[in-house]
Enquirer: 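Have a look at this one before I ask anything.
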Amino acid sequence: MSNVEVENDAQHHAQHHAQSGTGERRLQAHFDRTISHNQRIEPRDWMPEGYRKTLIRQIAQHAHSEIIGMQPEGEWITRAPSLRRKAILFAKVQDEAGHGLYLYSAAETLGADRADLTERLIEGRQKYSSIFNYPTLNFADVGVIGWFVDGAAICNQVPLCRSSYGPYARAMVRICKEESFHQRQGYELLMTMMRGTEAQRQMVQDAVDRWWWPSLMMFGPPDSESSHTVQSMAWRIKLHTNDELRQRFVDMTVPQAEKLGVVLPDPQLRWNNERGHHDFSTPDWSELKRVIDGDGPCNAQRMARRRAAHEEGAWVREAAGAYAAKQAAHEAGKKRQEGPAG
Ligand code: BYC
């Protein structure tokens, strides 16, 4: 039995017991207690169907974002201005592939099938983060993605290291360590450009102007329009609301922008002593909606590239499948020769 089959089997037994009314109530009460004590739900534990579905949705969307997220920066690997920058960028993009893979594995512990998740992405039935539908027009974009996008990812994902589902929370620990390194490499790249020529400083400011608003939108719709936040927070799948994390990101980024010497493109941005936070303008939520619905500047290009990569990889999947079948036949032959055990 594969790991997924073992998990499905365990879930099947738990669900079977749950079918009797008292059994179900007892399992639900145990689940609620585990959540309220800030303890972890593990793959073999009983869980409400909605909890499983929400996790699969969020984890798959996150995994797809990491994989599609390789594209905007990946486009600059062959055009990096030095061997050092090329090596750094290569490593970062490779880390993102790794994050996607841990996350698909975490989704598999919930009984999801990775090939099916990929199909859903390719057919446009599952989402990925809006941020990756914007173009990378100059090399400063690579730095700004590290600073803003990985910075936003850190704000959003560090709390997820304490989320209620064990495999997701554990995957997040390593991902966050790597994201934090990514953010610093982005900031260091921008620092270097800011110490360069006037043209380089302008490239940085231009990238900041283009990525600021999309980065704020990464945190999702405002709380008043977020369909999942209340339930996801009750389940401790999310630990903070979209607006709380957006605010945290703004507060973290303002002093960094000052130190770097760039202007964040929001005339309303200022410290509010009473709130103890920065005030900022409302992002254009109709733009977020458009991009999520498939009409951003690069949606079609990102999906076409992802589909092409999947098709180009068909022979690898076929070869791996044939090799696995051959190994299984070989193992079965060996067992037959050894005869019945004991
Ligand atoms: N883009 O009820 P809400 C990275 C959807 S990877 C697209 O607030 P939720 C990185 C949402 O799915 C970054 N769709 O949802 C990689 C829902 O639609 P459905 C990815 C969005 O789930 C490479 C609907 O809008 N990070 O960091 O409670 C290089 C209503 O929203 C977006 C993660 O995935 C969006 N921006 O909260 C560098 C982190 N926002 O599914 C960096 C984990 C919302 O009902 N995910 N939607 O059709 C989360 O924390 C949450 O899923 C979100 C959204 C905060 C993103």
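Just so you know, ligand 1 is whichever comes first in the structure, and atom 1 is the first atom listed for that ligand.
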Enquirer: Provide the number and element of each atom of ligand 1 under 4.0 Å from a heavy atom of M217.
Expert: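 Reading through ligand 1 atom by atom, the close ones are 36 (N).
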
Enquirer: Return the closest protein heavy atom for atom 6 (S) of ligand 1 as residue, atom name and distance.
Expert: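 Nearest neighbour among protein heavy atoms for atom 6 (S) of ligand 1, to 0.1 Å: S65 CB, 3.6 Å.
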
Enquirer: What I want to find out is whether D45 reaches R40 closely enough, with some N-O distance under 4.0 Å, to be called a salt bridge.
Expert: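 Result for this pair is no, no salt bridge flagged.
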
Enquirer: Is any side-chain heavy atom of F148 less than 4.5 Å from a side-chain heavy atom of V208?
Expert: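 Contact flag for F148/V208 side chains = yes.
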
Enquirer: In terms of atom number and element, which parts of ligand 1 are under 4.0 angstrom from non-hydrogen atoms of Y128?
Expert: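 So the atoms of ligand 1 that pass are 1 (N), 7 (C).
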
Enquirer: Checking a contact table here: which protein heavy atom is nearest atom 39 (C) of ligand 1, and how many Å away?
Expert: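 The answer is N156 OD1, 3.0 Å.
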
Enquirer: Checking side-chain polar atoms at under 3.5 Å, does D206 have a donor or acceptor matched by the opposite partner on Q202?
Expert: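 Absent: no donor and acceptor within the cut-off.
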
Enquirer: Tell me, which pairs form a ring-ring contact (aromatic ring centres under 6.0 Å, His included) where one or both residues lie in residues 301-334, sequence neighbours left out?
Expert: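 The answer is none; no pair qualifies.
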
Enquirer: Using 4.0 Å as the upper bound for N to carboxylate O, is an ion pair formed by R302 and E75?
Expert: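 Answer for the salt bridge query: yes.
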
Enquirer: Taking E331 first and then K334, would you say they form a salt bridge - that is, a charged N and a carboxylate O separated by under 4.0 Å?
Expert: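 Salt bridge between E331 and K334, a charged N being under 4.0 Å from a carboxylate O: yes.
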
Enquirer: Identify, by atom number and element, the atoms of ligand 1 in contact range of M218, meaning under 4.0 Å from any of its heavy atoms.
Expert: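 The atoms of ligand 1 under 4.0 Å from a heavy atom of M218 are 13 (C), 36 (N).
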
Enquirer: At less than 4.0 angstrom from any non-hydrogen atom of S227, what atoms of ligand 1 do you find?
Expert: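 The atoms of ligand 1 under 4.0 Å from a heavy atom of S227 are 2 (O), 30 (C).
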
Enquirer: So is there a nitrogen or oxygen of S226 less than 3.5 Å from a nitrogen or oxygen in ligand 1?
Expert: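 Yes, there is a polar N/O contact under 3.5 Å.
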
Enquirer: Do M172 and L103 come close enough that some side-chain heavy atom pair is under 4.5 Å?
Expert: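 Yes. Closest side-chain heavy atoms under 4.5 Å.
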
Enquirer: Nearest protein heavy-atom contact for atom 35 (C) of ligand 1: which residue, which atom, what distance?
Expert: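 Ranking protein heavy atoms by distance from atom 35 (C) of ligand 1, first comes S130 OG, 3.6 Å.
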
Enquirer: Counting heavy atoms only, which part of M70 comes closer than 4.0 Å to ligand 1: side chain, backbone, both or neither?
Expert: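 Neither part.
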
Enquirer: Among protein heavy atoms, which lies nearest atom 40 (N) of ligand 1, and at what distance?
Expert: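 Answer, as residue, atom name and distance: G220 CA, 3.2 Å.
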
Enquirer: Do me a favour and list the nearest non-hydrogen protein atom to atom 48 (O) of ligand 1 with residue, atom name and distance?
Expert: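 The closest one turns out to be K127 NZ, 2.4 Å.
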
Enquirer: With atoms numbered from 1 as shown, which atoms in ligand 1 lie under 4.0 angstrom from a non-hydrogen atom of R57?
Expert: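 The list of qualifying atoms is 12 (O), 22 (O), 41 (O).
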
Enquirer: Testing Y187, W211, F249 one by one against W147 for a ring-ring contact (aromatic ring centres under 6.0 Å, His included), which residue passes?
Expert: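 It is Y187; the other options fail the test.
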
Enquirer: Any protein heavy atom under 4.0 Å from atom 16 (C) of ligand 1?
Expert: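 Protein heavy atoms within 4.0 Å of atom 16 (C) of ligand 1 - there is at least one.
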
Enquirer: Say whether M70 and M303 are linked into one hydrophobic cluster, either directly or through other cluster members, by side-chain heavy-atom distances under 4.5 angstrom.
Expert: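 Same cluster: M70 reaches M303 through Ile, Leu, Val, Met, Phe, Trp or Tyr contacts under 4.5 Å.
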
Enquirer: Where does the angle between the aromatic ring planes of Y104 and H64 fall among parallel (under 30°), tilted (30 to 60°) and perpendicular (over 60°)?
Expert: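 Y104 vs H64 ring planes: tilted.
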
Enquirer: Got a salt bridge between E96 and K92, using NZ or NE/NH1/NH2 to carboxylate O under 4.0 Å?
Expert: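 Between K92 and E96 there is a salt bridge, with a charged N closer than 4.0 Å to a carboxylate O.
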
Enquirer: Will you find, in the side chains of R236 and N38, an N or O donor that is under 3.5 Å from an N or O acceptor?
Expert: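 Note: R236 and N38 side chains meet the donor-acceptor criterion.
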
Enquirer: In terms of side-chain heavy atoms, does H228 have a donor or acceptor partner in Q58 at a distance below 3.5 Å?
Expert: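 Not at all, the side chains of H228 and Q58 share no donor-acceptor pair under 3.5 Å.
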
Enquirer: Among all protein non-hydrogen atoms, which one is nearest to atom 33 (C) of ligand 1, and what is the separation to 0.1 Å?
Expert: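 So the nearest neighbour among protein heavy atoms is H62 CG, 3.6 Å.
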
Enquirer: Measure D150 to ligand 1 on non-hydrogen atoms and call it side chain, backbone, both or neither using the 4.0 Å cut-off.
Expert: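 Looking at D150 and ligand 1, just side chain atoms fall under 4.0 Å.
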
Enquirer: State whether K238 and E244 are salt-bridged, where the test is any N-O pair (Lys NZ or Arg NE/NH1/NH2 against Asp/Glu carboxylate O) under 4.0 Å.
Expert: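 A salt bridge is absent here (no side-chain N lies under 4.0 Å from a carboxylate O).
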
Enquirer: Only heavy atoms of F219, strictly under 4.0 Å: list the atoms of ligand 1 that pass.
Expert: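 Heavy-atom distances to F219 below 4.0 Å select 55 (C).
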
Enquirer: Could you find the nearest protein heavy atom to atom 27 (O) of ligand 1 and give me its residue, atom name and distance?
Expert: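 The closest one turns out to be A153 CB, 3.1 Å.
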
Enquirer: Nearest to atom 14 (N) of ligand 1 by heavy atom, D95, D223, I292, V149: which?
Expert: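 The residue whose heavy atom sits nearest atom 14 (N) of ligand 1 is I292.
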
Enquirer: Just let me know how S232 lines up against ligand 1, side chain, backbone, both or neither, with a heavy-atom cut-off below 4.0 Å.
Expert: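 For S232, there is no contact with ligand 1 at all, from either part.
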
Enquirer: Select one of side chain, backbone, both or neither to describe which atoms of Y168 lie under 4.0 Å from any atom of ligand 1, heavy atoms only.
Expert: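 Side chain only; the backbone of Y168 stays clear of ligand 1.
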
Enquirer: Heavy-atom distances under 4.0 Å decide this one: backbone, side chain, both or neither, for E96 against ligand 1?
Expert: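 Side chain only; the backbone of E96 stays clear of ligand 1.
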
Enquirer: Charged N to carboxylate O below 4.0 Å: is that the case for D251 and R248?
Expert: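 Result for this pair is no, no salt bridge flagged.
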
Enquirer: What is the nearest protein non-hydrogen atom to atom 10 (C) of ligand 1, stated with its residue, atom name and distance?
Expert: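 Going by distance alone, atom 10 (C) of ligand 1 is nearest to F132 CZ, 3.5 Å.
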
Enquirer: Counting only heavy atoms closer than 4.0 Å, does ligand 1 sit against the backbone of E225, its side chain, both, or neither?
Expert: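 Contact part for E225 vs ligand 1: neither.
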
Enquirer: Under a 4.0 angstrom heavy-atom cut-off, which atoms of ligand 1 come close to Q157?
Expert: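 Near Q157, the atoms of ligand 1 are 26 (N), 27 (O).
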
Enquirer: Please work out whether any backbone atom (N, CA, C, O) or any side-chain heavy atom from C-beta onward of I145 is under 4.0 Å from ligand 1, and answer side chain, backbone, both or neither.
Expert: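 Neither part.
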
Enquirer: Could you name the option among K92, R246, K238, Q58 that has the heavy atom nearest to atom 9 (P) of ligand 1?
Expert: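 The option holding the nearest heavy atom is K238.
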
